[in-house]
Amino acid sequence: MGIELTIENIKIEIGEDINKAIGTLEYPYSENDDGNYFFNELKLNIANDKYMGGNGNS
C-alpha cells in the first residue's frame, strides 16, 4: 500500500492517474504549466510524472 491523501472524504493515491485525481476534487484549480495543477483554496500543487522529471502520467 502506498501513500494516500484524504481531503473531505476524497482519497487520492500517490501514483494514480493525475486526470482521475483532479477530477475527484471539487475545488477550482489552475494549470500553471503543462502537467502542474494548483488548487489555491487548498494551497496544494499536483503534478504529473513528466512535470516532475519522470515519463508517465501518474
Side-chain angles (χ1 to χ4, degrees):
M1 181 175 202
I3 298 172
E4 207 172 69
L5 174 65
T6 304
I7 301 170
E8 291 189 5
N9 296 324
I10 298 170
K11 293 182 181 181
I12 298 173
E13 293 183 31
I14 304 302
E16 81 176 76
D17 184 272
I18 192 167
N19 296 314
K20 179 183 173 193
I22 289 169
T24 60
L25 291 174
E26 297 177 1
Y27 290 90
Y29 65 88
S30 59
E31 187 172 9
N32 299 334
D33 294 309
D34 187 32
N36 182 21
Y37 304 88
F38 179 63
F39 293 82
N40 186 50
E41 191 174 331
L42 300 172
K43 305 297 186 241
L44 173 71
N45 272 15
I46 297 178
N48 66 16
D49 286 349
K50 187 175 180 180
Y51 184 84
M52 297 298 293
N55 59 7
N57 190 33
S58 305

Could you state the interatomic distance from [atom1] ([X]) to [atom2] ([Y]), rounded to the nearest 0.5 Å?
X     : Y     : atom1 : atom2 : result
Ile14 : Leu5  : CD1   : CG    : 6.0 Å
Ile12 : Ile3  : CD1   : CD1   : 13.5 Å
Asn19 : Tyr37 : CG    : OH    : 5.5 Å
Glu4  : Glu16 : CD    : CD    : 9.0 Å
Leu42 : Ile7  : CG    : CD1   : 5.0 Å
Ile18 : Lys50 : CD1   : NZ    : 12.5 Å

Counting neighbours of [atom1] on [X] that are heavy atoms of other residues, nucleotides or ligands and sit closer than 6.0 Å, is the number greater than 12?
X     : atom1 : result
Tyr29 : OH    : no
Glu8  : CD    : no
Asp34 : CG    : no

- request: Given side chain to side chain contact (heavy atoms under 4.5 Å, CB included), test Leu44 with Tyr27 step by step and report yes or no.
  value: CA-CA 11 Å; Leu44 173 71; Tyr27 290 90; over 6 Å; no
Quick check: does any side chain N or O of Asp17 sit under 3.5 Å from a backbone N or O of Lys20, one acting as donor and the other as acceptor?
yes
For Thr24 and Ile10 the tightest heavy-atom approach is O-CD1, 3.3 Å
